*Asks:* 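So that we are looking at the same thing, I have put the structure below in structure tokens.
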Amino acid sequence: MKEQYKEQYGIRSPNSGHCGLALIINIFNIITIDETNGQEIKTERNGSEKDVAKLKDTLEFLNFDVEVKENLTRNEMNTTILDFVEKLNNNTVDMCAVCVMSHGDENMVLSSDGRKVDIKADILNKFSNDYCRSMIKKPKLFVLQACRGTKKDRGIFVKSTRGSLETDGLPERVASVLEDSIIAYSTIPDYVAWRNVTVGSDFIRILCEVFKEHASQMEIVEMFKIVTRKMREVKVGDDQGECRTTPEVTYRIDKDLYFQPRAQTISKTIEDNQVLQPNEERPKKRNCCLIL
């Protein structure tokens with residue numbers, strides 16, 4: 001049985017319609033210009049189509065109405081975000097989700113025409129209380145699969161160890177900034193994100209697996225703790241050796257968030273969803289991002 005708390009976000013069941021709207025933006029073909037010779041450089045984010053399929057399947061399971069947009073220019077990305085916000089303002093949904101996947105660096109992602117899109121100014125701030133009034137006091141989930149720098153965590157060897165504000169205001173007055181949000185990054189600041197060129201990223205795969213398994217009874221913060229623990233077990237790397245990836249999840253929620261998923265259905269087996277055995281070789285991974 002799902003534990004009952006006094007303070008929960010109101011999330012409707014599938015019998016009452018979609019609980020929210022979701023937007024997935026995947027930039028898998030990117031054109032940049034070489035500053036030394038002016039030549040076009042075309043880059044493909046192979047494997048990202050698998051991430052799209054997993055995210056769409058998971059979000060639909062969580063009872064979202066899902067929209068997918070791919071290979072958008074910077075202007076198209078800005079327009080798509082604004083159109084999505086307008087759609088939210090014309091609906092009475094309980095929450096929203098935005099997933100963006102591309103090459104990136106700290107505080108930005110690349111559009112298909114190689115231009116920088118500011119994560120805070122061009123994406124997150126568009127869902128602030130001041131801008132997206134219909135989502136005030138409603139949860140907003142953001143998932144970002146992109147590099148946030150060029151560092152690679154080679155890890156260290158250590159012995160096993162065990163570790164273990166409210167603002168007053170006038171009635172009916174709310175902050176103008178982004179609130180009631182969860183922002184999940186595939187990596188921490190300054191570090192690269194990794195993506196398997198055959199089956200997609202481990203972060204998206206694990207996130208979807210955890211949510212599909214636990215969303216019917218577990219609160220979202222607890223699910224992200226599991227995602228983080230599982231990511232610590234993932235081994236990635238390049239020709240220079242093995243690396244580790246640490247995701248980052250930030251919270252601005254003041255209530256518990258439980259989903260009311262749709263009933264589980266048996267789907268066909270997809271090759272990239274098969275679990276690898278301990279001694280089975282995983283397809284080679286590569287750095288997610290361009291050197292900017």
Side-chain angles (χ1 to χ4, degrees), residues 1-24 51 54-67 84 88 91-101 119 123-124 127-129 132 134-145 165-166 175 177-188 201-234 245-264:
M1 291 290 292
K2 182 189 300 183
E3 293 186 47
Q4 297 298 317
Y5 292 84
K6 293 182 179 179
E7 294 294 332
Q8 292 185 20
Y9 290 104
I11 303 297
R12 74 192 70 182
S13 70
N15 293 334
S16 301
H18 289 111
C19 74
L21 302 179
L23 173 65
I24 299 173
D51 290 339
K54 293 168 189 170
L55 278 172
K56 186 174 186 294
D57 178 66
T58 300
L59 288 167
E60 288 178 344
F61 165 71
L62 296 175
N63 196 30
F64 283 91
D65 182 9
V66 184
E67 178 181 5
F84 185 67
L88 289 170
N91 273 275
T92 57
V93 292
D94 303 322
M95 68 175 297
C96 69
V98 178
C99 308
V100 179
M101 298 174 286
I119 292 174
I123 301 176
L124 300 180
F127 297 86
S128 66
N129 289 343
C132 190
S134 67
M135 297 304 295
I136 291 177
K137 297 184 179 181
K138 296 180 180 180
K140 295 164 277 286
L141 172 63
F142 301 92
V143 176
L144 297 154
Q145 168 64 36
L165 178 70
E166 294 182 351
V177 297
L178 176 64
E179 290 188 315
D180 300 285
S181 63
I182 298 175
I183 306 172
Y185 295 93
S186 58
T187 189
I188 59 176
S201 69
D202 287 303
F203 176 66
I204 297 298
R205 173 182 60 82
I206 290 173
L207 186 153
C208 291
E209 288 174 355
V210 169
F211 276 53
K212 290 289 287 288
E213 180 178 357
H214 297 289
S216 61
Q217 294 191 6
M218 189 175 290
E219 202 271 335
I220 192 169
V221 173
E222 297 304 315
M223 287 193 287
F224 271 117
K225 289 179 183 178
I226 296 177
V227 172
T228 300
R229 285 198 298 270
K230 288 182 175 290
M231 283 296 294
R232 290 177 179 175
E233 302 171 359
V234 173
T245 301
T246 302
E248 180 179 68
V249 186
T250 62
Y251 307 95
R252 295 183 186 177
I253 56 176
D254 61 0
K255 301 179 182 69
D256 290 328
L257 173 55
Y258 286 95
F259 292 100
Q260 297 201 49
R262 298 178 180 179
Q264 288 274 20

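What you see is a predicted model, and the numbers here were worked out from it, not measured in a lab. Because only heavy atoms are used, hydrogens play no part in the values below, and waters and symmetry mates are left out as well, while side chains stay in. Residue numbers count from 1 along this sequence.
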*Asks:* Spell out, as yes or no, whether a donor-acceptor pair under 3.5 Å connects the side chain of Asp180 to the backbone of Lys140.
*Replies:* no
*Asks:* Evaluate Lys56 against Glu60 for salt bridge (charged side-chain N to carboxylate O under 4.0 Å, His left out), listing each step before the verdict.
*Replies:* CA-CA 6 Å; Lys56 186 174 186 294; Glu60 288 178 344; 2.6 Å; yes
*Asks:* What heavy-atom pair brings Gly20 and Val93 nearest, and what distance separates the two atoms?
*Replies:* CA-CB, 3.7 Å
*Asks:* Is there side-chain contact between Ser186 and Leu144, with at least one heavy-atom pair below 4.5 Å?
*Replies:* no
*Asks:* Does this structure show an ion pair linking Asp57 with Lys54, if we count only N-O contacts that are shorter than 4.0 Å?
*Replies:* no
*Asks:* Closest heavy-atom contact between Asp51 and Ser201?
*Replies:* OD1-N, 3.0 Å
*Asks:* Which residue, Glu209, Met218, Met231, forms the side-chain contact (heavy atoms from CB on, under 4.5 Å) with Ile226?
*Replies:* Met218
*Asks:* Where do Tyr9 and Met95 land on the side-chain contact (heavy atoms from CB on, under 4.5 Å) test, with the steps shown first?
*Replies:* CA-CA 9 Å; Tyr9 290 104; Met95 68 175 297; over 6 Å; no
*Asks:* Nearest 0.5 Å please: distance from the CD1 atom of Ile11 over to the CG atom of Asp256.
*Replies:* 11.5 Å
*Asks:* Rounded to the nearest 0.5 Å, what separation is found between the CZ atom of Arg232 and the CD1 atom of Ile206?
*Replies:* 12.5 Å
*Asks:* Would you say that Phe259 contacts Ile220 through its side chain, given a criterion of any heavy-atom pair below 4.5 Å between the two side chains?
*Replies:* yes
*Asks:* Can you name the ring pair (Phe, Tyr, Trp, His ring centres under 6.0 Å) partners of Phe127, sequence neighbours left out?
*Replies:* Phe142
*Asks:* What is the distance from atom CE of Met101 to atom CD1 of Ile204, rounded to the nearest 0.5 Å?
*Replies:* 6.0 Å
*Asks:* With the side chain counted from C-beta on, respond yes when Phe64 and Cys19 share a heavy-atom pair under 4.5 Å apart, and no when they do not.
*Replies:* yes
*Asks:* Write down the atom of Ala215, the atom of Leu62, and the distance for their closest heavy-atom approach.
*Replies:* CB-CD2, 3.5 Å
*Asks:* Distance check, rounded to the nearest 0.5 Å: Asn15 atom CG versus Gln260 atom CD?
*Replies:* 9.0 Å
*Asks:* To the closest 0.5 Å, what do you measure between CZ (Arg252) and CD1 (Ile182)?
*Replies:* 12.0 Å
*Asks:* What heavy-atom pair brings Arg12 and His18 nearest, and what distance separates the two atoms?
*Replies:* CD-O, 3.3 Å
*Asks:* Does any part of the side chain of Leu257, heavy atoms only, come nearer than 4.5 Å to the side chain of Glu219, both counted from C-beta?
*Replies:* yes
*Asks:* Are any of the side-chain heavy atoms of Phe224 and Val210 separated by less than 4.5 Å?
*Replies:* no
*Asks:* Between Ile119 and Val100, is there a side-chain heavy-atom distance shorter than 4.5 Å?
*Replies:* no
*Asks:* List the steps, then state whether side-chain contact (heavy atoms from CB on, under 4.5 Å) holds for Phe211 with Leu59.
*Replies:* CA-CA 9 Å; Phe211 276 53; Leu59 288 167; over 6 Å; no
*Asks:* Does atom NZ of Lys230 have more than 12 heavy-atom neighbours, drawn from other residues, nucleotides or ligands, at distances under 6.0 Å?
*Replies:* no
*Asks:* Which value, rounded to the nearest 0.5 Å, describes the distance between Met135 atom CE and Leu178 atom CG?
*Replies:* 10.5 Å
